[in-house]
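Notes follow once the structure below has been shown.
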Amino acid sequence: MKTIEQLNDIQLMDQKELLETSGGVAWFLPILIAGACAAVEEVIRDWDNFKAGLLGKPEIHH
């Protein structure tokens, strides 16, 4: 167990040190964002088929 004198040497970590220690941003967050952007782009690109799918209609071939 540490003594009071040893505890007095402890310094608080700043925000940057806290992020570095806890790992910062999760490594998979950029992958999730890229996947969501790709999905939105695909829906916009093929909007007619997206609407048809929501209505339960067959795929539209262009």
Side-chain angles (χ1 to χ4, degrees):
M1 184 164 198
K2 294 190 181 236
T3 64
I4 297 296
E5 291 80 24
Q6 291 172 321
L7 291 177
N8 286 337
D9 292 335
I10 294 176
Q11 295 180 1
L12 296 176
M13 295 169 60
D14 63 23
Q15 188 69 23
K16 181 181 174 191
E17 290 173 317
L18 286 171
L19 283 174
E20 288 172 353
T21 302
S22 66
V25 176
W27 61 269
F28 57 87
L29 191 57
I31 295 171
L32 289 176
I33 292 171
C37 289
V40 168
E41 179 186 358
E42 190 62 31
V43 167
I44 291 170
R45 186 180 307 189
D46 200 6
W47 182 249
D48 291 333
N49 270 323
F50 178 73
K51 287 191 312 185
L54 289 178
L55 297 173
K57 295 181 179 177
E59 181 179 356
I60 300 169
H61 296 285
H62 296 282

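All residue numbers refer to positions in the sequence shown, counting from 1.
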- Message: Who clusters with L54? Use side-chain heavy atoms, under 4.5 angstrom, across I, L, V, M, F, W and Y, and order the result by chain and number.
- Response: V43, W47, F50

- Task: Could you tell me which residues satisfy side-chain hydrogen bond (donor to acceptor under 3.5 Å, both in side chains) with D46, sequence neighbours excluded, listed by chain and number?
- Result: N49

- With sequence neighbours left out, what residues match E41 under salt bridge (charged side-chain N to carboxylate O under 4.0 Å, His left out)? R45

- Task: For P58 and A52, work out which heavy atoms get closest and say how close.
- Result: O-CB, 3.9 Å

- Message: Strictly distance-based, threshold 3.5 Å: is any side-chain N or O of E42 a donor or acceptor partner for the main-chain N or O of A39?
- Response: no

